[in-house]
Amino acid sequence: MLSPVRIPNIIDRRSYRLVSINVAAGFPSPAADDQEDTVDPFAWVVRHESATFWWRVSGDSLVDEGIFDGDLIAVDKSGKARPGRIVLAVVEGGVTVKVIERRDGELWLMPRSRKQNYAPIRMTEDCAIWGVVAGVVRRYPVE
């Protein structure tokens, strides 16, 4: 069975400027450059540092949930795994990330992708939930 390996925290925790108004993703709103606060993005995502591990996503079975190939996900082992939550699971020795869904009284690990036909996975006693996805980090080009 796979087990996570703890690595030392090499992230230099910093706070970054956060404009204290929401940016409109629909109609534009007036800018407010003088209204700033600070945020530590990692602390915002990670609620339980000692129970959180980072994983890199491979594949696109959760693109409809906004999780893409190459993204980093924060998985909180202390999170409550229940229907509707995105979880990291071990199934037949392999690790996968899917959404828990209840169907006809049974729990399933469901893909969320219109790109391809991924098969749902019925949860059995051999399936182990390692944690709940607490956040996603994606990097875009800026050059």
Side-chain angles (χ1 to χ4, degrees), residues 1-27 29 31-33 35-143:
M1 165 113 356
L2 300 171
S3 63
V5 176
R6 184 164 301 278
I7 58 172
N9 182 359
I10 57 173
I11 298 171
D12 180 18
R13 292 279 170 97
R14 301 180 207 195
S15 291
Y16 298 91
R17 290 181 294 174
L18 173 70
V19 176
S20 59
I21 62 170
N22 295 330
V23 62
F27 292 103
S29 66
D33 294 336
Q35 298 179 9
E36 292 181 354
D37 200 353
T38 60
V39 64
D40 175 345
F42 289 99
W44 186 70
V45 170
V46 176
R47 291 130 177 123
H48 307 105
E49 188 170 343
S50 64
T52 301
F53 298 85
W54 290 89
W55 295 75
R56 184 173 304 277
V57 174
S58 175
D60 57 4
S61 70
L62 288 176
V63 295
D64 294 349
E65 291 288 336
I67 299 175
F68 296 88
D69 184 62
D71 284 354
L72 295 176
I73 55 173
V75 177
D76 188 333
K77 289 184 63 94
S78 69
K80 305 280 190 256
R82 56 178 157 233
R85 298 263 170 100
I86 302 169
V87 297
L88 186 90
V90 178
V91 179
E92 297 178 5
V95 181
T96 189
V97 61
K98 299 285 185 279
V99 178
I100 295 178
E101 186 176 299
R102 186 178 304 278
R103 286 182 168 183
D104 300 323
E106 294 183 321
L107 292 176
W108 291 79
L109 296 171
M110 300 296 294
R112 294 281 195 265
S113 175
R114 286 173 269 170
K115 283 186 161 187
Q116 294 186 25
N117 270 340
Y118 291 97
I121 302 166
R122 189 170 65 83
M123 292 179 64
T124 66
E125 62 276 350
D126 296 328
C127 177
I129 303 297
W130 269 6
V132 176
V133 174
V136 179
V137 177
R138 179 174 308 122
R139 189 172 181 174
Y140 293 107
V142 295
E143 292 79 32

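For the single chain, residues carry numbers from 1 onward in sequence order.
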Minimal non-hydrogen separation, [X] against [Y], with atom names:
| X | Y | result |
| --- | --- | --- |
| F68 | V63 | CD2-CG1, 3.6 Å |
| V45 | G135 | CG1-CA, 3.7 Å |
| P120 | M110 | CB-SD, 3.4 Å |
| A74 | T52 | CB-CG2, 3.9 Å |
| K77 | W130 | CG-O, 3.1 Å |
| L109 | C127 | CD1-SG, 3.8 Å |

Please tabulate, for side-chain N and O atoms in residues 83-96, each donor-acceptor pair with protein atoms closer than 3.5 Å (sequence neighbours left out).
| unit_1 | atom_1 | unit_2 | atom_2 | d |
| --- | --- | --- | --- | --- |
| R85 | NH1 | K80 | O | 2.8 |
| T96 | OG1 | K98 | NZ | 2.8 |

From [X] atom [atom1] to [Y] atom [atom2], the distance as rounded to the nearest 0.5 Å:
| X | Y | atom1 | atom2 | answer |
| --- | --- | --- | --- | --- |
| Q116 | D60 | CD | CG | 5.0 Å |
| L107 | R82 | CG | CZ | 13.0 Å |
| I67 | R112 | CD1 | CZ | 11.0 Å |

task: Could I get the full list of side chain to side chain donor-acceptor pair (under 3.5 Å) partners for S58, not counting sequence neighbours?
output: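 By the side chain to side chain donor-acceptor pair (under 3.5 Å) rule, S58 matches no residue at all.
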
query: What pairs meet the side chain to side chain donor-acceptor pair (under 3.5 Å) rule with one or both residues in residues 66-76, with sequence neighbours excluded?
result: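 Pairs touching residues 66-76 that pass the test: H48-D76, D71-R138, D76-S78.
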
- request: Assign the ring pair F42 / W54 to parallel, tilted or perpendicular, where the plane angle (0 to 90°) is split at 30° and 60°.
  value: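 Ring orientation of F42 relative to W54: perpendicular.
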
